[in-house]
Structures are given as C-alpha cells and as structure tokens.
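Shown next, in structure tokens, is the structure this report addresses.
In what follows, chains are A, B, ... by sequence order, proteins preceding strands, each numbered from 1.
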Amino acid sequence: MDTKYIKVAVLLIEGTNNEQEVYLAFKRLGADPELLHLKQLISKKDLSDYQCLMIPGGFSAGDYVRAGAIFAARLKSALRKQLMEFAEKGYPIGGICNGFQVLVELGLLPALDSRMSDYPQASLAINDSARFECRPTLLKHESKGNCIFTKDIPYQEVVLMPSAHAEGKFLFPLEKQDEYLQRLIDNDQVVFRYVDTQGNYADYPWNPNGSLYNIAAICNPEGNVFGMMPHPERVFYRYTHPDWTRVYKENGDGKAVFESVLGYIRRKF
Amino acid sequence: MEADVTISLNKGVADPEGSNVKKALNLLGFDEVMNVRTMKTFRIDLATTDRVKAKKDVEEMCKKLLANPVIQSYQIELR
C-alpha cells in the first residue's frame, strides 16, 4: 500500500508526553498518523482501521504502581481481543520508553509462549542507580533480520539514541533467567544492546539501568511487536544528535526505525 | 471493609532504593543497619463485608495491576 494511506495510531492516556515527536516522525515520512486517546480508541474508533499502533513515551498515569502498569491494565481490560488480532495479522505494534513498559506489562513482549501472555514474563525494573537516567546512549543493532522495526539498520551497526527513564532495567524472573534469555537469543528477539564507544558491551554508565544482557530493545518471536527504552523519535534529524557539528551523518539515527516499519507495511499490506 | 495490600520485591531482586537508604542510615551513624528493603502498601476501601469475596477480589487486583510476578510478591491483610 502507498505510504500516504498508512494509518498509524499514536496512543496516549493522561501523562503520555512524547506523542508529538512520534506523530511527527511518521508525518514527515509521508504517512497518516493520528493522535488517539485510549478512551477514543475504546468508544469511537476501531483498531482494525489502522495499520500500525505506537505507544509513545512519557509518564502514563503518573508512573504510579509501576511504570506503564495502569496504561497496560486499562488497555488489556478493554481491547485484549482486538490487540491479539492486530498482532496476529502481522500489523506492527511499537512501544518506546514508557510504551515498552506498557507492552511488557501487557504480555505482548517478550511473548515467549504465546502472542500475549496472561501475566508479564519480564519486567522493566527501577534503574540500578535508583535515579532517572537521561543522556545519549549507544546501541548495537543485534537483530539478524527478524525485527521489522529495524530492517533498514545494518546488523551490528552502532547507533546513538537518547535514553530518559527511571525504570528501564530489563529483568526475567530469577529462576528462569537463563532459560528465557537463551530463548530470546535463539528466537532473534534481542534488537538493541547498550555498548560503549568501542562497541563493547559495557556496564554503567554505558548501560544506564543495569539491564540483563545490556538489553535496550526486544521484539516478539514474529518480529512485529517491538519495544525499546531509548528514544528514536528524538534523533530523527542529524542536527538533533549531540555531536552533530563534529560528526557528519546524513540522517538522524532514529529515522531508520520509522522508515523500516513503513517499508514493511508498504510491502506487506 | 479495608484491605492492606503490601507489594514487596522478590528475594534476590535488587532494591536500589533500599540500598541507598541503608547507605544513608549507616552514614548517619546507625551502624547496626545491615539491610533495608522497600515495600509499598495500598490500603483499599471495599464496599463489602464478605471476607471471602473481598480476598478473592483483592487477589484479582494484585494479578491485574498491583504486582508484577516477575519481580514482586504481594501480601493481603483484611482489616
């Protein structure tokens, strides 16, 4: 389908605050994004009218209980079936920062045993530093082609995207940690890992939160549901990179994420 | 009826806030503080007097929203 007909639902509730950048990223690439409050999606709109669902960052419902938990619980109680169908048809669902937390709480990620687990299989816990960590982070692209959101980024390429979160430490249940991590790797579900300037998997401060296996982004086994803690929408243009006057790049590193998903929809639907 | 739901981190899960508080208490001279773990309590007011139903409902609340079983466990106390 043509790019201009691709409808992207950018979903928000009270406390979401990154919706404009995500909306603009799709708009600038010629797609047809729409800002939608969860209440609108439940009562007036139909998810099946869209080809892509994005959950942007922010502090939904004040980050109370756990980050993303309230958003996820409301979404699940009202639209569980529709979400499952959407994902099963292969339509992309993306979550950035708080959106990643929502997808994990929903059970749409990592979704190791089914499309959507009844209870979360992972957690984005409080950063090891017990602080809000806000700075540019370097990420190595680890997806060997499974993730549809990063198809345009070469394997093992290091990209820069800013992180800004207090709860981003990716964790599995301790007793199942090794098994789940191995399955994640075998399924090609690890998409980005935090690295240092040499491209080595490094600890704090390169890994801002103490994430297991330096995980910054994952996708589901099918590759169409994707969540990441850093913000690709904040580095859409080269001049929003912190070192743009010293390092020449044609585009911002985040642009490829949005181009990849639009490319996938164009080819598939 | 009131229910107190206490959410705590599972054993072995890092508690950065607890460790920071422990450090601060040690610095204040409380040398005997060996470990600090943080917990969160929700006091939920329920419009029912049926204890069995209340317990069941609150458990459902824990599963649906209040606790993430990956890192947290919950304790329910009806008052």
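Closest heavy-atom contact between A:Val65 and B:Leu65: CG1-O, 3.5 Å.
Within 6.0 Å of atom CD in A:Gln40, more than 12 heavy atoms from other residues, nucleotides or ligands are found, so the atom counts as buried in its surroundings. Within a 6.0 Å radius of CG in B:Asp4, more than 12 heavy atoms belonging to other residues, nucleotides or ligands are found. By the neighbour-count criterion of 12 heavy atoms within 6.0 Å, atom CD of B:Gln75 is sparsely surrounded, having that number or fewer from other residues, nucleotides or ligands. Dense packing is recorded around OH of A:Tyr204, with more than 12 heavy atoms of other residues, nucleotides or ligands lying under 6.0 Å away.
The contact between A:Asn127 and chain B is made entirely by backbone atoms, counting heavy-atom distances below 4.5 Å. Heavy atoms closer than 4.5 Å to chain B are found in the backbone of A:Gln121, but not in its side chain. Contacts of A:Ser77 with chain B are absent, with no heavy-atom separation under 4.5 Å from either backbone or side chain. Heavy atoms closer than 4.5 Å to chain A are found in the side chain of B:Lys40, but not in its backbone. B:Asn20 touches chain A through its side chain: at least one heavy atom from C-beta onward sits under 4.5 Å away, while N, CA, C and O do not. Heavy-atom distances place the backbone of A:Ala122, and not its side chain, under 4.5 Å from chain B. Using a 4.5 Å cut-off between heavy atoms, A:Lys76 makes no contact with chain B at all.
The candidate from B:Ser19, B:Ala67, B:Gly12 with the greatest count of non-hydrogen atom pairs under 4.5 Å with chain A is B:Ala67.
Within residues 130-141 of chain A, the residues that have a heavy atom under 4.5 Å from a heavy atom of chain B are A:Ala130, listed by number.
Atom-to-atom distance recorded for A:Ile126:CD1 and B:Ile71:CD1 is 7.5 Å, nearest 0.5 angstrom. Taking CG of A:Leu171 as the reference point, atom CG of B:Asn10 lies at 11.0 Å (rounded to 0.5 Å). Summarising the geometry, atom CG belonging to A:Leu174 is positioned 11.0 Å from atom NZ belonging to B:Lys11; distances are rounded to the nearest 0.5 Å.
Looking at heavy atoms from C-beta onward, A:Pro120 lies in side-chain contact with B:Pro69 at the 4.5 angstrom threshold.
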